[in-house]
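Here is the structure we will look at, set down as structure tokens.
Quick note on labels: first sequence line is chain A, next is B, and so on, each numbered from 1.
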Amino acid sequence: MRLSRLPLTTLKETPADAEVVSHQLMLRAGLIRMLAAGLYSWMPFGLKVARKVETIVREEMDRSGAVELLMPAVQPAELWHESGRWEQYGPELLRFADRHEREFCFGPTHEEVITDIARRELKSYRQLPVNYYQIQTKFRDEIRPRFGVMRAREFVMKDAYSFHLDSASLDETYEEMRLAYCRIFDRLGLEYRYVRADSGAIGGALSHEFHVLADSGEDEIVYSEQSDYAANVEQAPAPAPESPRAEPTQELQEVDTPDQRTIEEVSEFLGTPPKQSVKTLIVEGEEDGSLVALILRGDHRLNAVKAAKIEGIRSPLCFADEAKVREKLDCPVGSLGPAGLDLPLYVDASAAVLSDFVCGANREGVHYIGVNWGRDADPEQVCDIRNLEDGEPSPDGSGPVRSARGIEVGHIFQLGDKYSQAMNCTVLNPDGKEQVVTMGCYGIGITRIVAAAIEQNHDEQGIIWPDAMAPFSVLLCLIGADRDGTVRTTAETLYQQCQEAGIEVLMDDRDLRPGVMFAEADLVGIPHRVVISPRTLEQGRLEYRHRRNLDEAEEVAADGLLEFLQAKITPS
RNA sequence: CGGGGCAUGGCGCAGUCUGGUAGCGCACCUGCUUUGGGAGCAGGGGGUCGUGGGUUCAAAUCCCGCUGCCCCGACCA
């Protein structure tokens, strides 16, 4: 492609409302343009990248034995009523009616449709296992779309659904998918981890997520350096306390703590370490209008996913707002504590082994010291509701865990019979009996991968595409073509050669000042750059740089460039 | 949905408090000079100041309603 034929608009300034680098760079490099909140147009270069990702995903899905199909984006409400999700899914599901007042939704996922297909198409166990997949636009009316295409409302996803007679067969396909996903992220050139995960709203038993590692990631993952243990913190169990609770040595005592609200403030004020205090969080209970208290050690962080799974606590976890706490307990949230609190106490295991600890006295500006369980407060339940922290023992006993931020780009689930049961998807088994099939489902966020790749591969100047995702692999920059005819003729020859050799080449034949051309080249991030200018062309030579290493230039003979490039470009 | 903020040319902003000619930088167009890291000079085009109402001789500016977007919390590829 010739840049003179493409209206590429890059931005010198960073758009004010773009929070994360990938969003900023995608806008600046002209890959995407926003239409409305969470809705983006994919401009020519952005689309090229997305298609690269799609192609690799498609190739590896095909290699794994999955078969591609395409389902409608718009789905009838009836199917969702059958699965029960029309009621469950909530406002994230975009619903609308057609001219006959029949209800539809724009598909956020396709379990219902594929299960409907399966129950019509699949009659015999001999047809199993099957793994159907599609690459398609989804819509989820996210409460808060943000970070550009990282969390857009409309996005492209590869979703696959497998059908099995039994769980052993599901296990096999699940493992095949895991391997296919590893091949995909390896080929894309991304640094990633796959982790044990919570299966969330989709349901089912076993589930793994694939995360691209990046500091801006919205998820926290923990992994062992000693073993292959890795998990989303959401579901990583915290270690049991090392020592049992010590006997009380102090009496319960009130202290004035004026204007001290947070654990840090109170600890500093009293001169006690945060781990010797307890924090009290008020959340909604399972019964409407009821409240319960979650108690954690002062230096620990609440794990909302684990907490929401506990009986008696509303799921999803819902914090009581400050006004409601004041009204019910007559105390600001900064001065709450378990002693004398008239609510069921769900106490984290490591808070439950404290003795002589510090907590709020349930009156503004007053705390207790020397608090002890049994004597001063009684847990309703002792449970695991905190995050596993960096440096703590790994749940598999292999040593300490490390923690890292990740962007979830893939998720695989063993669904079991949740949908097949509800929608009566059966086949005849070898005994001639009808049997409900077992399902798996496997998602990859195509458009999110594009953003994640930028988060992981950029510098001050702009994007640095991994070879496999680059919109083009080679950029020819023409400098001084208007003054020196040989620049253009040389460039044209090389451009032809590259195209004939199957190298994806972009030629910047715009009559720009060198500074502008280089700045844009850096921003757009094409990996291999060749500068054709009178300066080196006099000796029949060209200048080559890799985007990752702009300081290192190599001079190459013009007539040997093709071979040179072929050696540089790593096949994907 | 709750809380906070913003809305002025394609982008980034000033002007709003204290009502009176709509302004700056970038981008865009023309010409000349320049040409290896986002050029210089000269000229030029483009804005119902988000939107509807109100107050006023007069509204970007003051008042009320609506809409859109961004940020902080619970969701997820």
Using distance only, find each side-chain donor-acceptor pair of residues 9-20 of chain A under 3.5 Å and give its atom names and separation, not counting sequence neighbours.
{"unit_1": "Thr10(A)", "atom_1": "OG1", "unit_2": "Glu520(A)", "atom_2": "OE2", "d": "2.8"}

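- Among the atoms of the strands shown, none is found under 4.0 Å from any heavy atom of Arg33(A).
- Atom CE in Met150(A) sits roughly 18 Å away from atom P in rC75(B) (whole-Å rounding).
- Arg51(A) pairs by the salt bridge (charged side-chain N to carboxylate O under 4.0 Å, His left out) definition with Glu54(A), not counting sequence neighbours.
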Problem - Base-contact (B) and sugar-phosphate-only (S) positions in nucleotides 29-36 of chain B, heavy-atom cut-off under 4.0 Å, - elsewhere - result: -----BBB
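- Residue side chain Arg151(A) reaches the base of rC75(B) through a donor-acceptor N/O pair under 3.5 Å, judged by distance alone.
- Take Ser64(A) and apply the side chain to side chain donor-acceptor pair (under 3.5 Å) test, not counting sequence neighbours, and it matches no residue.
- Nucleotides rC11(B) and rG38(B) are separated by 15 Å at their C1' atoms, to the nearest Å.
- Between the P atoms of rC29(B) and rC13(B), the separation comes to 24 Å (whole Å).
- Within residues 442-454 of chain A, the residues having any heavy atom under 4.0 Å from RNA chain B are, by residue number, Ile444(A), Gly445(A), Arg448(A).
- Nucleotides rG19(B) and rG15(B) have their P atoms positioned 15 Å apart, rounded to a whole Å.
- For Arg144(A) and rC70(B), the shortest distance from a side-chain N or O to OP1 or OP2 is not below 4.0 Å.
- Every residue two or more places apart in sequence or in another chain was checked for a salt bridge (charged side-chain N to carboxylate O under 4.0 Å, His left out) with Glu92(A), and none qualifies.
- With C1' as the reference atom, rA59(B) and rG50(B) are 16 Å apart, rounded to whole Å.
- Note on Val409(A): only backbone sugar-phosphate atoms sit closer than 4.0 angstrom, heavy atoms only; bases stay farther off.
- Side-chain contact annotation: His528(A) with Tyr544(A), donor-acceptor N/O pair under 3.5 Å present.
- Taking Glu265(A) as the reference, Gln260(A), Arg261(A), Thr262(A) meet the side-chain contact (heavy atoms from CB on, under 4.5 Å) condition, with sequence neighbours excluded.
- Listed by chain and residue number, nothing satisfies the salt bridge (charged side-chain N to carboxylate O under 4.0 Å, His left out) test with Glu87(A) (two or more places apart in sequence, or in another chain).
- Residue contacts shown for Asp219(A) include a base, since a base heavy atom lies under 4.0 Å away.
- The pair Glu60(A)-Arg187(A) counts as a salt bridge, with a side-chain nitrogen and a carboxylate oxygen less than 4.0 angstrom apart.
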Exercise for the section: Tell me, with the steps shown, if Tyr194(A) and Arg178(A) meet side-chain hydrogen bond (donor to acceptor under 3.5 Å, both in side chains). Expected result: CA-CA 9 Å; Tyr194(A) 72 89; Arg178(A) 192 182 67 75; 2.8 Å; yes
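- Annotation: rG4(B) and rC64(B) have their P atoms spaced 16 Å apart (nearest Å).
- Two residues, Glu19(A) and Met157(A), neighbour RNA chain B, and the one matched to the more 5' nucleotide by heavy-atom proximity is Glu19(A).
- Pairing partner, rG31(B): rC41(B), with both Watson-Crick or wobble hydrogen-bond distances short of 3.5 Å.
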Practice task
For each nucleotide in nucleotides 4-13 of chain B, reading 5' to 3', give B when a protein heavy atom comes within less than 4.0 Å of its base, S when such contact involves only the sugar-phosphate, and - otherwise.
Solution key: -------BSS
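- Between the P atoms of rA60(B) and rG53(B), the separation comes to 14 Å (whole Å).
- Atom NZ of Lys138(A) and atom P of rC76(B) are 16 Å apart (whole Å).
- Partners of Arg301(A) under the salt bridge (charged side-chain N to carboxylate O under 4.0 Å, His left out) rule, at least two apart in sequence or in another chain, are Glu220(A), Glu389(A).
- Annotation: side chain to side chain donor-acceptor pair (under 3.5 Å) contacts of Asp62(A) (sequence neighbours excluded): Tyr133(A).
- Distance OH (Tyr133(A)) to C1' (rA77(B)): 17 Å, rounded to an integer number of Å.
- Between Trp80(A) and Tyr89(A), the two ring planes are perpendicular [angle over 60°; tilted spans 30° to 60°].
- Nucleic acid contact for Arg510(A): none, since no nucleic acid atom lies under 4.0 Å from a heavy atom of the residue.
- Within 4.0 Å (heavy atoms only), Ala18(A) reaches no atom of the nucleic acid at all.
- For the C1' atoms, the distance linking rU67(B) with rA27(B) amounts to 29 Å, nearest Å.
- Atom CG of Leu27(A) and atom P of rC69(B) are 15 Å apart (whole Å).
- Residue pairs meeting the salt bridge (charged side-chain N to carboxylate O under 4.0 Å, His left out) criterion with at least one partner in residues 449-466 of chain A, sequence neighbours excluded, are Asp459(A)-Arg547(A).
- Of all nucleotides listed (rC75(B), rA77(B), rC26(B)), rC26(B) comes nearest to the side chain of Lys12(A).
- For the C1' atom pair drawn from rA77(B) and rG2(B), the interatomic distance equals 27 Å after rounding to whole Å.
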